[in-house]
Each structure stands twice: as C-alpha cells, then as structure tokens.
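Take a look at the structure below.
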Amino acid sequence: FALASSRGFAKLCGGTVPVNPGKFFRELKRRNVYRAAVGYAAIAWLNVQVAASLSPVFDIPIWAVRLIIVILLAGFPFALAVAWAFELTPEGLVRTEDVIPERSIRRATGRKLDFVIIGVLALAVTVLLLDRFHFSGKGGVPPGANEKSIAVLPFENLTQEAENAFFADGIQDDILTSLSKIHDLKVISRTSVMRYREIRQRNLREIGTSLGAANILEGSVRRSGDRLRLTVQLIDARTDHHVWAEAYDRTVSDALTLQGELAKEIATALRATLSPEEKEIVERKPTNNADAYALYLRARQYELSPDTLLQDYKLADQLYEKAIALDPAFALAHARLATTRAAIFHYHEPLPSWKSLVLAGAEEALRLEPNLGEAHVALGLYYYWTERNYDRALPELALAQRLSPNDARVASLIASIRRRQGQWKEALELYERAGTLDPQNPNVVTNLVYTFTALRDWPAAARLVERLRVLSPDSVAVKIQAAYVDFSRNGSTEALKTTLDAIPAGVDPDGVVTTGRWDVYMIERDYVAAEQALERSPLEEFSYLNAQTTPKKFLQGCIALARGDSVRAQENFEAVRAQFEAAVAESPLAAERHANLGLLYSFLGRKEEAVREGQRAVELKPEAKDALDGPLMNCFLALIYARNEEADLSIPLLERLLKTPGAVDSTFYSISEADLRLRWVWDPVRNDPRFQKMLAESEETSAR
C-alpha cells in the first residue's frame, strides 16, 4: 500500500498527497488510516471466530466460513481507502477535501478509535481465554494428549444390512489410516477406538482422557445402493466444543477419495502441517473399482480380528483375492493380502507355499506403489516371520514407520524383534510406547503380559492381566491366556476352571476352549473328564501345539499314556504319526514341527528318532538367534529326554531353563515351577532326587 503510487492513490480517493514518502506516512497517521487498519483486523478476527464456532451448531458448511474469510480480506483495502478519503464529522462521513481544517475532529475521532480498538482487543483476549480454559473444565488436555491428538471413533451405520456395517467400519478405518500418515498428528490406533462401537451415549471427555486424545472424530454412514452419505464432526474432547463438521453426499465410486479429503480437512482444523509427500500420500486413490474397494473393506475387518484365528485369516485371504481379481493394480489390497498370509504362516501354517505368496504379494505392492507403508510392513513381515532375518526386517519396518508414524502395529513389530534378539528391556519400552498410540489394544497388552511372563515377573504380568480382562471382555482366547498366567504364578487351576466354565456352550474358536478344558483335567489327573471334554467336541483337530493343528487322537493318546494304558496310547499315537511326519516333510525348516514330531516319537518310545527331531528343532531355532522361541525348543528337548529315561540330560537342562527368559507357554511342554510340579508329562523324572531338589531350590528362591 505504502509503496504503491501515492499520487495515483490520492487521485483515486479524490484528493492530493505529497510525493515525499515521509510526508505520506505522516498523512496516513493524521487521517487515522493506521487505527482503521488495526480496528478492521480485530473486528474481522472476531467475526471469523464467531463463524467458525457457530458453523457446526447450525450445520454451516465449511466453504461458507471460508467465503466469509475471503470477503473480509477483500474488504481490507476498501476500509483503508475510506479512512483515507473520508472524515467522520457530526454531519456524517464527508470527503476529506471538503472539511475546513479548523472544524476537523480527526484527533478526537482518533482517540475514540483507540478506545474502540482497546475494547475489541480486550474482547478478543477474553474469547480466546474462555475458549482455551473456561470451556475445557480445568483447562488441560487429557493425560498423554497433545493439541493435535485425535481418536476416530467407529462410525454409526444408519442402515441395518450387515454388508453396510462392514462398509461403515471400513470407511472409518480408511480415514484413520490416512490420518496416521501425518507426522504432525498423534492418531490413536484402530483397536483402541473399536471398543466404543456399540456405545451410543458417549462421554467424549472420558473417552478423550482414556485414549489420551484431545480431539474426537465422530460420524455416521448411510448407504443406499450406489449412494453414500457420510456425516462427520470433529469435537474438542476437553470442552465438548464442535471444532468442525461436514456432510458428504457421494456415489460409492466417488467415495474412494473421501478419506484423503477428510484427512486434509481434519489436519487443517487441527492446524497440522502436511508435507508435500504426506499430501500426495493421503490424496492417493487406493483403487478405481468401487466393488474391489468394498471387498477390501470387508477383508480388513477379518484380518484385524484380535483373536488371530485361522478361520478369520482365511476369510480375509479370500476377500482380498476377490478384490485384486477386480483390480489387479490395487496395491493396498496386495499389501494387506501379503500381511494376512504372513500371519497364517506365522501363527498357523508355516508352509513354503505361504512363504512364497507373502514375498510375491509384498513385491507386487511395492512395484505398484514404492512409497506404500503397508507394502513395507508386508516385506518386513516376510523377512521377520518367514525368514527370521531381523537385519533385513528392521529397515523395512523403520521405513514403514516413517511413512506411517502413527501405526502402533509397526512399533509393536519392532518391539517383538528386539525381544527375540534378547533385548527384553528395550522391547518393554517399545511396547509401552506403542501403547500410547493404541492404549486400549489388547494385543499390545497381551505382548506386555507375554514379555513379563517370559521374564517370570508374575506380579507385573498379573497386573496387566487384569487390564487385559477389562479390554477384551468377550475374547475367548484372551480369557484363557490370562487364566494361564494365574496358573503359572500360583500353581492353581481355579482361574482356568472358572474362566472355561463361564464360556457359553458352542463357543470354541479353533478348539481352544476344548483344549483348555482337556489341559485343566490333565493337570488335575481327572482323565475321565479329559476324555469327556474331547468327546463332546465335534472337532477332529484343535489349536494346541504350535505351527500345526493337533489331532484329537493325539490328545486321546496323551490321556491313555498318563493313565498307564500303553496299548491304547500306542494305537492313538500311531494313528497320527503319518500326519506329524508329513507336516515336517511339508515344512522341513519349521523348528516347531520337528519339536512336535520329536515329542510324538518320545510318546511312542522311539528314542533315537525323538532325540534327533528335538535336537533338530534346537538347531533350527537356537536361543542365540531367537530369545523368545529358542528356549521353547529346548523345553521340548528337555521333555523328550525326560520321557526317554535320559534324566542326566533332562534335569541339567531344566535347571537352566527355569532361569531362562522365554521358557514359559500355555501348554504341557512349558517350564515353570507350577508346570514341573503338577503336569503328568514330567512323571518319569518326578521321583529323581535331583528333580525334587531343583524344584525345592527354585521355590525357595521365588519365595525370597
């Protein structure tokens, strides 16, 4: 303004002004232009704040608020022009050139403007303080939260069809995933917010405090055929004050870019800065095929099921494949499919076929989108879970963490690798850090429980178990695992029995309830009840031994062996021997399968073969390379020695394993004081004085 042509400006306003810049600025001051500028800016700011505050209440669209800002900005130079060209007199506004200098009241007007400016600024400060402190109760943020922290609560499905419920959850998950890629935000992970799905009357302050989030995003989804209506509102959890709200009416096809739009809108509302790379990532359209996108959203819900059940992973696998068949260039679906298959390999079926599929899927996703964080997670899981190559897995996961800084699962995976490397303290710290992003995630807490259990820190494990029960009140697997902690700590089966008795009939995912009941009865030496528990189940295979399903006849053989019926035991074990041998032939590098086969051979009395398989398991997973599962392979070997009258080899190994982190599990090969004292499998060495002395010394040490 000052550097513009002063002569031209004066001409525009109908007056004259000296060309000398110094005189020009003095003239600006004399004509109260400076005061007019400050007063206009203050009043405009107040108008913007009022518009922004009232827009959610009256459903004013965000573009209307932006229009107000543009109009106010456009009016600024005109306000200055009026201040220059006109003077306020008792008769009203009069052109400056028409006012007789002796009758000018500019000085008095300037003083009045000063009072107006002071009043407006005081009001602005008051509004700011009220917004920051009065409406936020005590004026603070929830513990662990910051101004740019946000939790995206499950969206309400306004249509009753189950298919649309998947769609609503998927839209929420996609928005959350897009936000998690923005470094300037702290985004609470999906698992922690899903527990609020069924809660309609939500206390947002309590939720914000519980999750460590200053802001909450709520929404609803209504889908009718190809039409979609999404309504969202961003709320300050400290004040219950609406920050921003919007409604979107789209076709399902158009909705494919919706999560990117929302991520940018929310980031703007929270004053978060997006780098050019982040802007490109959140704006990227995952697929152009609406049907493929709908299948992908359904698959995600099965993949993310907290119980890591094979049946859920298999459903996710099928749905992802269908999505990719519709759109072979769907990089995100390729990445998620590879991640799902890595989980199948890791938790259930360590087959070469799954391994190759994981690598192929991860590489295809990276070929399609080299900067896709989920693809780097998939490749990291390939190296971690299928190759056990931690040196190559960690860089991939670190890159994934850079691309998705709010992905708590990546932080947990890095923690689990450090745990396998024997860095127990660092692993605990990393899991706790993941817990700040995902405070209500039972899987994070489960890993903390498992880590403390591996360290035999029973009080810490027990404290976390209580939290785990609260977080996953309906998870059967969590309930059973929590009860096993109580057994290992106290040597009592009461918690296990109470937990199992409370599970409704017919609820038995992967047979974990049946094997839990069988295990309890075996510990208590109630072999009749153990047999009845198996007979009541329609399943022929269960989840008990790691890395493969456990046939019913194997468990029945254990009952016969424990009660001294060697003939029936041999019949049952011989009936499943080919299956165990085929499992090893199928996955010759799977240490757990060699361990399982070695255990079966020991029950069959095939000593040399049993020892060979047990030692092979230890070779494949030595403790030096895997501090978590390596000790468990030695647990198998110690049990194989014990079952084959090799007490001289078994007992020294047991003495070491009792002091080794990681040698505890919820099965009969676990080595803790409670396991050694109560389980039937250790009967061959139970009366050995060295075994009894070892237990006595261990119990005495624990008592201290």
Side-chain angles (χ1 to χ4, degrees), residues 52 55 61-63 65-67 69-70 73 146-152 155 170-190 213-217 219 228 230 232-234 243-248 250 253-290 293 296-297 300 327 329-336 365-378 396-411 437:
S55 63
I62 194 70
W63 63 262
V65 178
R66 290 173 180 157
L67 180 61
I69 295 172
V70 170
L73 287 172
N146 59 50
E147 296 287 341
K148 299 176 184 178
S149 55
I150 181 171
V152 182
F155 288 174
I171 290 287
Q172 174 234 2
D173 183 53
D174 256 14
I175 293 169
L176 192 153
T177 300
S178 293
L179 288 172
S180 72
K181 299 180 187 298
I182 301 173
H183 285 72
D184 204 24
L185 295 177
K186 175 191 172 185
V187 184
I188 304 303
S189 293
R190 174 188 184 276
N215 302 280
I216 303 290
L217 185 75
L228 175 73
L230 174 65
V232 291
Q233 55 182 353
L234 182 64
V243 178
W244 167 84
E246 190 59 276
Y248 301 87
R250 303 286 176 86
S253 297
D254 292 337
L256 295 173
T257 59
L258 195 54
Q259 80 279 3
E261 292 179 40
L262 274 167
K264 289 187 295 180
E265 296 275 12
I266 294 163
T268 300
L270 296 181
R271 300 181 179 89
T273 303
L274 273 73
S275 68
E277 181 185 26
E278 289 169 343
K279 187 172 183 292
E280 180 186 351
I281 289 173
V282 300
E283 287 179 343
R284 188 179 297 147
K285 198 173 182 179
T287 177
N288 292 313
N289 190 303
Y293 183 63
Y296 164 83
L297 294 181
R300 279 287 284 159
D327 181 7
F330 196 168
L332 191 56
H334 281 286
R336 297 292 192 192
L366 285 170
R367 185 189 69 79
L368 292 166
E369 287 190 31
N371 288 326
L372 183 63
E374 291 84 351
H376 288 284
V377 171
E396 292 296 333
L397 294 174
L399 181 54
Q401 192 168 51
R402 183 181 70 79
L403 293 167
S404 301
N406 290 287
D407 191 335
R409 190 186 179 211
V410 177
L437 292 172

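This structure is a prediction, so every number in the text was calculated from the model and none was measured. Side chains are part of it too, since the values below use all heavy atoms of this structure and drop only hydrogens, waters and symmetry mates. This chain uses plain numbering: 1 for the first residue, then up along the sequence.
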Atom pair [atom1] ([X]) and [atom2] ([Y]), whose distance is rounded to the nearest 0.5 Å:
X	Y	atom1	atom2	value
Glu369	Phe330	CD	CZ	9.5 Å
Asp327	Tyr293	CG	OH	13.0 Å
Glu261	Leu230	CD	CG	10.5 Å
Leu262	Trp244	CG	CH2	5.0 Å
Arg190	Leu176	CZ	CG	9.0 Å
Leu270	Ile150	CG	CD1	5.5 Å

[X] side chain vs [Y] backbone, donor-acceptor pair below 3.5 Å:
X	Y	answer
Ser149	Ala214	yes
Asp184	Leu274	no
Asn371	Ile281	no
His376	Pro370	yes
Glu278	His183	yes

[X] versus [Y], closest heavy-atom pair with distance:
X	Y	result
Leu437	Pro405	CD1-O, 4.0 Å
Ala263	Ser178	CB-CB, 4.0 Å
Leu179	Val187	O-CG2, 3.5 Å
Ala365	Ala331	CB-O, 3.5 Å
Val152	Gln172	O-NE2, 2.9 Å
Ala267	Ile182	CB-CD1, 4.1 Å

Checklist entry - Considering residues, nucleotides and ligands other than Lys279, do more than 12 of their heavy atoms fall under 6.0 Å from its NZ? => result no
Checklist entry - Which pairs with one or both residues in residues 400-411 pass salt bridge (Lys or Arg N to Asp or Glu O under 4.0 Å), sequence neighbours excluded? => result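 For residues 400-411: Glu277-Arg402.
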Checklist entry - Do the side chains of Thr287 and Tyr296 get nearer than 4.5 Å, heavy atoms only? => result no
Checklist entry - So do the side chains of Val232 and Phe155 get within less than 4.5 Å of each other, counting heavy atoms only? => result yes
Item to check | salt bridge (charged side-chain N to carboxylate O under 4.0 Å, His left out) against Glu374, all qualifying residues, sequence neighbours excluded | outcome: Lys181, Arg336
Item to check | Matching residue for Lys264 among Glu280, Glu246, Glu283 - test: salt bridge (charged side-chain N to carboxylate O under 4.0 Å, His left out) | outcome: Glu283
